Amino acid sequence: MLAVSVVPAVFYVLFIYCISLINGGMFDVCRSLRGSEAGPGWEFYPCQPPATNMKEVMQIRVDPPGITCGNPPERFCTLENPYLCSDECDASSPDLSHPPQLMGDRERGGLITYWQTVTWSRYPEPLLANITLSWNKSLEVVDDIVVTFEYGRPTSMVLEKSLDKGETWQPYQYYADDCLEAFGMSPKRVFDLAPSNLTRVICTEQYSRWVGAKEEKVVVFEVRARFGVFAGPKLISMDALYTRMETMKGLRDFFTFTNLRLRLLRPALGGTYVQKDNLLKYFYAISNIDVPARCKCNLHASQCLLRDATLQCDCDHNTSGQDCQRCSQGFKSRSWRPGSYLPLPRGTANTCEAAETAVNCECNGHSNRCSYIDFINVVTCVSCKHNTRGQNCQYCRLGYYRNASLQLDDDNICVECLCDVDGSVSPHCSDFGVCQCKDGATGRRCDSCLPGYTWRGGGASCTANVCDERLLCQNGGTCQDFQRCVCPDRFTGALCEKKVCLKKGGCPEDAAGSVPSLTSQLYLLTLSLTLSTFC
Ligand SMILES: *[C@@H]1O[C@H](CO)[C@@H](O)[C@H](O)[C@H]1NC(C)=O
Ligand SMILES: *[C@@H]1O[C@H](CO)[C@@H](O)[C@H](O)[C@H]1NC(C)=O
Ligand SMILES: *[C@@H]1O[C@H](CO)[C@@H](O)[C@H](O)[C@H]1NC(C)=O
Ligand SMILES: *[C@@H]1O[C@H](CO)[C@@H](O)[C@H](O)[C@H]1NC(C)=O
Ligand SMILES: *[C@@H]1O[C@H](CO)[C@@H](O)[C@H](O)[C@H]1NC(C)=O
Ligand SMILES: [Ca+2]
């Protein structure tokens with residue numbers, strides 16, 4: 001049975017171990033205690049719950065309403081002996097009723113119990129019935145799905161599946177005595193399938209032809225034969241199958257479902273055409289549906305429990321959710337991954353890890369990857385995007401500053417500084433985007449000059465002016481490119497302020513003119529003196 005209540009951990013491990021011997025011991029335990037010099041510790045493995053017959057826990061629904069026989073009570077005949085119509089279906093009588101749950105019951109003492117529909121009395125209107133089987137849980141089929149029909153198998157039907165609890169459906173396999181006529185498909189067998197097209201949906205005629213109601217009662221969805229394509233006919237090489245499950249796109253999903261639906265489209269006809277004079281021999285009757293499967297737990301659980309009438313993986317590896325499809329709260333230092341069968345034989349558990357510090361993998365939306373730096377015991381974001389950096393991608397990269405009017409998780413949070421390469425000391429700017437300027441440079445980006453300086457570019461940025469509108473060239477000199485005064489004859493000095501002395505021994509009366517550096521006001525005074533002396 002499926003429901004396993006709380007069992008002491010040690011017993012639980014032993015219990016699993018016993019089953020693992022029977023099953024071959026692959027992926028049956030999630031962890032084992034291992035001794036080491038540092039003391040005992042856990043070793044983790046990918047694990048999956050044991051397979052079971054899911055008919056024990058399936059919800060059955062049949063459509064349309066009123067398709068089940070017995071209300072009102074009805075007589076029916078059999079294909080084998082169409083003129084002996086002594087059988088009766090009566091919903092009000094426990095012995096003569098055939099309700100849907102008899103498709104999933106445990107039959108005891110050799111007594112066959114079955115669901116049965118009304119007869120085809122409304123021919124030529126087709127006799128249609130849908131049987132929907134629901135588990136409200138992702139399951140992985142591990143062996144053939146076998147549907148047992150009493151009184152003959154349908155001449156036409158479809159097996160469908162849903163992966164999303166009945167939201168959407170897709171065909172799983174078509175069945176007809178003439179696939180071309182019923183579905184426009186050429187008939188195939190699973191043995192026609194190669195590894196490359198194993199997940200193809202086929203139509204098969206193998207389970208629909210009339211061979212007598214007692215001889216062949218089953219309609220099969222072949223899982224074993226499909227596994228055999230990889231694992232060999234006796235499923236000896238399960239390693240090969242598990243490897244394919246990991247590497248072949250869509251293969252695991254092909255064997256996964258949450259619901260199954262049988263669409264019965266045309267009942268058994270006994271190998272002849274429909275005989276309108278005896279429609280009481282045409283109907284559907286199903287005594288059993290075997291669904292050997294296991295709960296899909298993403299290789300993070302070795303048990304599946306029935307809680308509040310819902311199947312639920314008993315998650316290990318610090319995962320949680322119905323399918324162990326996420327990391328438990330507080331164990332999100334790296335993103336969730338399913339366990340893996342690879343590398344064989346042990347596989348990889350891909351456990352969820354606790355963040356050792358208080359910091360989870362929180363990257364403000366600029367990264368979804370963290371790494372744990374062992375020796376400083378810190379979880380840090382890696383590959384921060386949007387020009388961010390830091391343990392939580394909470395800072396801007398060098399050369400960027402934070403736009404204070406945006407939230408930290410905004411994609412445009414970091415704005416480029418655009419510091420001028422010539423005018424700035426570094427590409428780094430302040431929190432307000434102000435670059436640090438070299439002498440003489442100014443502006444947010446350091447791309448202009450202070451008064452008294454001129455832009456030279458080429459790494460020199462701003463250089464102080466030698467002459468300009470404030471530092472005037474004297475004595476009729478002209479300022480060239482703010483760099484030098486071109487002086488008339490007989491004058492020299494940076495601002496042409498000095499008279500050239502022709503006499504030996506200097507020009508004593510010009511002593512004032514030899515004062516090395518002057519402010520412009522001083523200079524004007526000197527100029528008037530010089531001029532008066534000269535005249
Ligand atoms: C069976 O299900 C299909 C798909 O939802 C639907 O189209 C069809 O009408 C159903 N048939 C009956 C008899 O309810
Ligand atoms: C189906 O499973 C989900 C998830 O465990 C649960 O919340 C929900 O109640 C279940 N629905 C039914 C109808 O059992
Ligand atoms: C699958 O592939 C094999 C080999 O490529 C081919 O012979 C076979 O017909 C294919 N089957 C289907 C159903 O397409
Ligand atoms: C789960 O978390 C607990 C507490 O941090 C830890 O002791 C245990 O080893 C973890 N298990 C796995 C599989 O990581
Ligand atoms: C900062 O963000 C606001 C809002 O988007 C925007 O208007 C502003 O231009 C941004 N500032 C800078 C410097 O990019
Ligand atoms: Ca039964």
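Atoms within each ligand, like the ligands themselves, are counted from 1 in listed order. What you see is a predicted model, and the numbers here were worked out from it, not measured in a lab.
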Next item on the list: Ignoring angles and geometry beyond distance, decide whether Glu160 reaches within less than 3.5 Å of ligand 1 through its nitrogen or oxygen atoms.
Entry: no
Notebook entry, point to check: More than 12 non-hydrogen atoms from neighbouring residues, nucleotides or ligands closer than 6.0 Å to CD on Gln170, yes or no?
Noted result: yes
Margin query: Does the plane of the ring in Phe44 sit parallel, tilted or perpendicular to the ring in His317? Use 30° and 60° as the thresholds.
Written below: perpendicular
Item checked: ligand 2 N/O within reach of Asn136 N/O, cut-off under 3.5 Å -> yes
Item checked: Pairing of Lys55 and Asp105 as salt bridge, 4.0 angstrom limit -> no
Notebook entry, point to check: Quick one: does Thr348's side chain have a donor or acceptor within less than 3.5 Å of a partner on Leu342's backbone?
Noted result: yes
Margin query: If the cut-off is 4.0 Å to any non-hydrogen atom of Asp63, which atoms of ligand 1 fall inside it?
Written below: 14 (O)
Check: Which atoms of ligand 2 sit under 4.0 Å from any heavy atom of Thr310?
Finding: 2 (O), 5 (O), 10 (C), 14 (O)
Note to self: Atom CD of residue position Glu181 - does it have more than 12 heavy atoms of other residues, nucleotides or ligands inside 6.0 Å?
What the structure shows: no
Notebook entry, point to check: Does the ring of Tyr282 carry Arg266 above it, NZ/CZ under 6.0 angstrom from centre and within 45° of its axis?
Noted result: no
Checklist line | side chain to side chain donor-acceptor pair (under 3.5 Å): pairs with one or both residues in residues 198-214, sequence neighbours excluded | finding: Glu205-Arg209, Tyr207-Glu222
Checklist line | Residue of the set Asp323, Thr310, Asn259, Thr258 for which side chain to side chain donor-acceptor pair (under 3.5 Å) holds with Lys137 | finding: Asp323
Note to self: Any atom of ligand 2 sitting under 4.0 Å from a heavy atom of Lys137?
What the structure shows: no
Check: Would you call the rings of Phe27 and Tyr242 parallel, tilted or perpendicular, where under 30° means parallel and over 60° means perpendicular?
Finding: perpendicular
Item checked: ligand 2 versus Gln312: contacting region, heavy-atom distance under 4.0 Å -> neither
Check: Taking any residue with a non-hydrogen atom under 4.0 angstrom from an atom of ligand 3, which ones do you get?
Finding: Lys188, Asp192, Leu193, Ala194, Asn197, Arg200
